[in-house]
Amino acid sequence: MESDKPRSTSISANIDVPRTIVIPIDGTENSDLSFKWYVDNLLRSTDTVYVLHVSEPVSMPLIKISEGKSWEEKLQDKLNKVQEMEKFFNYELESLKIFKGGMLVVYSDTANKESLGYTIITEAEKRQANLIIMTSRGLSRMRRRIFGSVSDYVINNANVPVLILPPGSREDDIIPGRKSSYLS
């Protein structure tokens, strides 16, 4: 019989208690740091880990100013990068013997920061996450106020603990072998 008690959102120190972790990434080396930090500091064999990428729509200017890539070429480039991310993170999870969870790609219909944050929270709730780990992009206070911040939105609206890591700047923070493989 299921209890009416709310599900615990705490991160237990008990190693035997399974946890569900959601790690949003945006395809930058900076966002990879949240995955690396999890591996270096919190990894347990009982964890279920979802590496989440919310793919924003490919935008094209209304007026074609110069000879650049067509919308179809930009879309194909984006799809190729997403496939490379999926391949890389699924391989990383498998090599760490994390067989529960995996790489999730969710396609957003808008690039609005609030919508991206909402999608992260919704996906975490669907998976009954105990923790969201993400990296701040390091926007200045003014830029964050004008453009918004996905991490601010997630912190203020998630119903589970959220760990925000500062943007990385040290070379040794980057995952080895990940120098712009899908980032260029």
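Residues: numbered from 1 along the sequence shown.
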message = We want to know whether Gln76 and Asn80 form a side-chain donor-acceptor pair, criterion being a heavy-atom distance below 3.5 angstrom.
response = yes

task = Quick one: pull up OG1 in Thr48 and CG in Leu93 and give me the separation to the nearest 0.5 Å.
result = 10.5 Å

task = Could you tell me which non-hydrogen atom of Ile164 sits nearest to which non-hydrogen atom of Ser151, and how far apart they are?
result = CD1-CB, 3.7 Å

task = Decide, yes or no, whether a salt bridge links Glu84 with Lys87 under the criterion of side-chain N to carboxylate O below 4.0 Å.
result = no

query = Do Ile120 and Met134 come within less than 4.5 Å of each other through their side chains, counting heavy atoms only?
reply = yes

message = Is any side-chain heavy atom of Ile133 closer than 4.5 Å to one of Leu42?
response = yes

ask   = Taking atom CD1 of Ile155 and atom CG of Leu163, what is their separation to the nearest 0.5 Å?
value = 9.5 Å

ask   = Salt bridge between Asp32 and Lys36, side-chain N to carboxylate O under 4.0 Å?
value = no

inquiry  = Between Val106 and His53, is there a side-chain heavy-atom distance shorter than 4.5 Å?
reply    = no

ask   = Could you go step by step and tell me if Val22 and Leu131 meet the side-chain contact (heavy atoms from CB on, under 4.5 Å) rule?
value = CA-CA 6 Å; Val22 172; Leu131 177 66; over 6 Å; no

request  = Identify the heavy atoms of Thr135 and Pro166 that sit nearest to each other, and give their distance.
outcome  = CG2-O, 3.7 Å

query = Can you tell if the side chain of Ile25 reaches within under 4.5 Å of the side chain of Phe89, non-hydrogen atoms only?
reply = yes

task = Measure the shortest side-chain to side-chain distance between Val51 and Met85 over non-hydrogen atoms and say whether it is less than 4.5 angstrom.
result = no

key: Atom pair OH/CE of Tyr50 and Met103 - distance to nearest 0.5 Å   = 13.5 Å

query = Hey, does Leu104 have a side-chain heavy atom less than 4.5 Å from the side chain of Arg127?
reply = yes

query = Could you state the interatomic distance from CG (Leu43) to CH2 (Trp37), rounded to the nearest 0.5 Å?
reply = 11.5 Å

query = Any idea which heavy atoms bring Val82 and Ser55 closest together, and the distance?
reply = CG2-OG, 4.1 Å

query = Is the backbone N or O of Arg19 less than 3.5 Å from a side-chain atom of Asn130, with the two atoms forming a donor-acceptor pair by type?
reply = no

key: Pairwise side-chain contact, Ile23 with Val49, heavy-atom cut-off 4.5 Å (strictly under)   = yes

message = Between Gln128 and Thr20, does the side-chain contact (heavy atoms from CB on, under 4.5 Å) criterion hold? Intermediate values first, please.
response = CA-CA 7 Å; Gln128 298 184 336; Thr20 300; 5.7 Å; no

task = Could you walk me through whether Ile98 and Glu94 pass the side-chain contact (heavy atoms from CB on, under 4.5 Å) test, one step at a time?
result = CA-CA 6 Å; Ile98 300 172; Glu94 188 176 310; over 6 Å; no

request  = Give a yes or no on whether the backbone of Tyr38 and the side-chain of Asn41 come within a donor-acceptor separation of less than 3.5 Å.
outcome  = no

message = Quick check on the hydrophobic clustering: are Phe35 and Tyr91 connected, directly or via other members, by side-chain heavy-atom contacts under 4.5 Å?
response = no

ask   = Going by heavy atoms in the side chains, are Val154 and Asp152 under 4.5 Å from each other?
value = no

task = Decide if the gap between the ring center of Tyr153 and the ring center of Tyr118 is smaller than 6.0 angstrom.
result = no

ask   = CG of Asn90 to OG of Ser95: how many Å apart, nearest 0.5 Å?
value = 10.5 Å

